[in-house]
Protein chains: 2
Amino acid sequence: MAQKDTVERILDAAEDLFSEKGFAETSLRNITTKAGVNLAAVNYHFGSKKSLIQAVFARYLTPFSDQFSSQLDLIQQQERTPEQLLKLLLITLTKSGLENPAKFAVFMRLLGLAYSQGQGHLRKFLTSEYGDVFKRYMKEINRITPQLTPVERFWRIHFMLGAAVFTMSSVDSLMAMADHDLGIESQVKDVVGQLMPFLASGLMAVENDES
Amino acid sequence: MAQKDTVERILDAAEDLFSEKGFAETSLRNITTKAGVNLAAVNYHFGSKKSLIQAVFARYLTPFSDQFSSQLDLIQQQERTPEQLLKLLLITLTKSGLENPAKFAVFMRLLGLAYSQGQGHLRKFLTSEYGDVFKRYMKEINRITPQLTPVERFWRIHFMLGAAVFTMSSVDSLMAMADHDLGIESQVKDVVGQLMPFLASGLMAVENDES
DNA sequence: TAGTGTTTAAAACGTATGTTTGAATTTCAT
DNA sequence: ATGAAATTCAAACATACGTTTTAAACACTA
């Protein structure tokens, strides 16, 4: 089947180039050249550039969303720590076609772009398609942080998201920087190991009222 | 003086549009139309679109960098908590043409773009122009976190940067979301108030070795 | 006021983009 | 093996972009 080959080659090339240069800066000619397919193939198989962008996300998010939803079913009403809840998310992520650390970094970079270059159509697509699973996870977070006000919880979730997306979006160059400045070679899983206690501690922080 | 009017009108329009849509998605025609000036004015006054982008950053960063450098001189070898050090940064930010919360949000959005859409030329421009002040602040951070290894410190700094930039980049829509979901109207300074204990707690987090 | 340098204006240039077209080719069930 | 459907291909289309050009309008000194 020549079709699926072409479709996957386009998706592979697109996700690479998107994560490197962003959506607008990546042309269909860049993509089709790198994929080794004809220019018109994108519009033939996906309809438009916008639909291609959505397809790149769907390829990862759909299997992840399904698996994560099952995981959430399993841990219903168990005792959980913030670290455990974070670990559940990351474990599931790395079992949805993102086992490869490089792929994982690429995906996080795409996720960051989805926010910063939020094309509107992408925002709508993601929330309409995967919003429910996200809300279910949020409910688990609520359970383990009863001491937080809704406002505190709301913002801390987004602070966590920001720390994760931002750093993982440029994890390659940051690891290179760490190597250059500190002489220490890291791997993506090491960074994730650094990230989790940071996030957990931030989430559980207690207000400090001494001005 | 007709010149300065045109230059400032261009800078105002450019920073608005850049922060809304990103650099590549904002055309010179968008900018000059919004600014009410001729299309050629950008190339005449700034030389190129790239130089305009740099000028937008320089307008805020140069006064900030100067003031922040002075502040760092003053607090040399004083006792400091993480909160105090963070507060120093934010106070100085809001005293460098960013008193207005809306302006502050716009600036943070631009900062986020500088990372995610890092045009190469922008990265070079920013580090060559303002890298020294950043390094001095980093040294202050080192002083108050002697318990951290260099690697831990390195990553936590970037986690903090990510949380701040990411959330402040879309602080408008997030505040609207908080209002919609929780029925609570916030202001930018409230969000900053939420952010600081989160960052401080994350920075000072202690490793948790019970798997 | 005359003249010189600076700024604005309208138009065009060359290039790159996303998309569409229609013919050629391949695929595959009959 | 044949014919219909699916796919690939080269080419062109329309549009938008950053930049350049040339002339007009302006500001200010002498």
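Per chain, numbering begins at 1; letters A, B, ... match sequence-line order.
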- Query: Tell me: CZ of Phe23(A) to C1' of dT17(C), nearest whole Å?
  - Reply: 18 Å
- Euclidean distance, atom CG of residue Leu39(B) to atom C1' of dT20(D) [Å, nearest integer]: 10 Å
List every contact pair, protein side and nucleotides 13-15 of chain C side both N or O, where the distance is under 3.5 Å.
none

- Message: By the 4.0 Å heavy-atom rule, please label Thr32(B) as base, sugar-phosphate, or nothing.
- Response: nothing
- Query: Could you state the interatomic distance from OG1 (Thr62(A)) to CZ (Phe64(A)), rounded to the nearest 0.5 Å?
  - Reply: 11.0 Å
- Query: Roughly, in whole Å, what's the span from NZ in Lys50(A) to P in dT17(C)?
  - Reply: 18 Å
- Item | Any Ser48(B) side-chain N or O less than 4.0 Å from OP1/OP2 of dG18(D) | no
- May I ask you to evaluate whether His45(A) reaches the phosphate of dT8(D), defined as a side-chain N or O under 4.0 Å from OP1 or OP2? yes
- For Ile53(B) and dG18(D), what is the distance between atoms CD1 and C1' respectively, to the nearest whole Å? 12 Å
- Task: May I have the distance from Glu25(B) (atom CD) to dA16(C) (atom P), rounded to whole angstrom?
- Result: 19 Å
- Item | Neighbour count >12 (heavy atoms, 6.0 Å) for atom NZ, Lys21(B) | yes
- Asn30(A) and Ser27(A): side-chain donor and acceptor closer than 3.5 Å? yes
- Could you work out which one of dT19(C), dA10(C), dT21(C) sits closest to the side chain of Asn38(B)? dA10(C)
- Whole Å only: how far is the NE2 atom of His121(A) from the C1' atom of dG18(C)? 13 Å
- Of the listed dG18(C), dT20(D), dT19(D), the closest approach to the Lys49(B) side chain comes from dT19(D)
- Task: Among dT8(D), dT19(C), dA10(C), find the nucleotide with the atom closest to the side chain of Tyr44(A).
- Result: dT8(D)
- Task: Take the protein atom CG of Asn43(B) and the nucleotide atom P of dA10(C), then report the distance between them rounded to whole Å.
- Result: 16 Å
- Task: For Ala41(B), answer base if it contacts any base atom (sugar-phosphate contacts may also be present), sugar-phosphate if it contacts only those atoms, and nothing otherwise; contact means non-hydrogen atoms under 4.0 Å.
- Result: nothing
- Message: Is the phosphate of dA16(C) approached by Ser27(A) (side-chain N or O, under 4.0 Å from OP1 or OP2)?
- Response: no
- Query: Crowded around Glu99(A) CD? As in, over 12 foreign heavy atoms under 6.0 Å?
  - Reply: yes
- Query: Parallel, tilted or perpendicular: which describes the rings of Phe125(A) and Tyr130(A), with under 30° parallel and over 60° perpendicular?
  - Reply: perpendicular
- Query: Under 3.5 Å, is there a donor-acceptor pair between the side chain of Arg80(B) and the main chain of Ile75(B)?
  - Reply: yes
- Task: Rounded to the nearest angstrom, tell me the gap between atom CD1 in Ile10(A) and atom P in dT19(C).
- Result: 13 Å
- Query: Using a distance-only test with no angle check, is there a side-chain donor-acceptor pair under 3.5 angstrom linking Asn43(B) and Lys49(B)?
  - Reply: no
- Message: Is there a side-chain contact between Thr6(A) and the phosphate of dT7(D), meaning an N or O under 4.0 Å from OP1 or OP2?
- Response: no
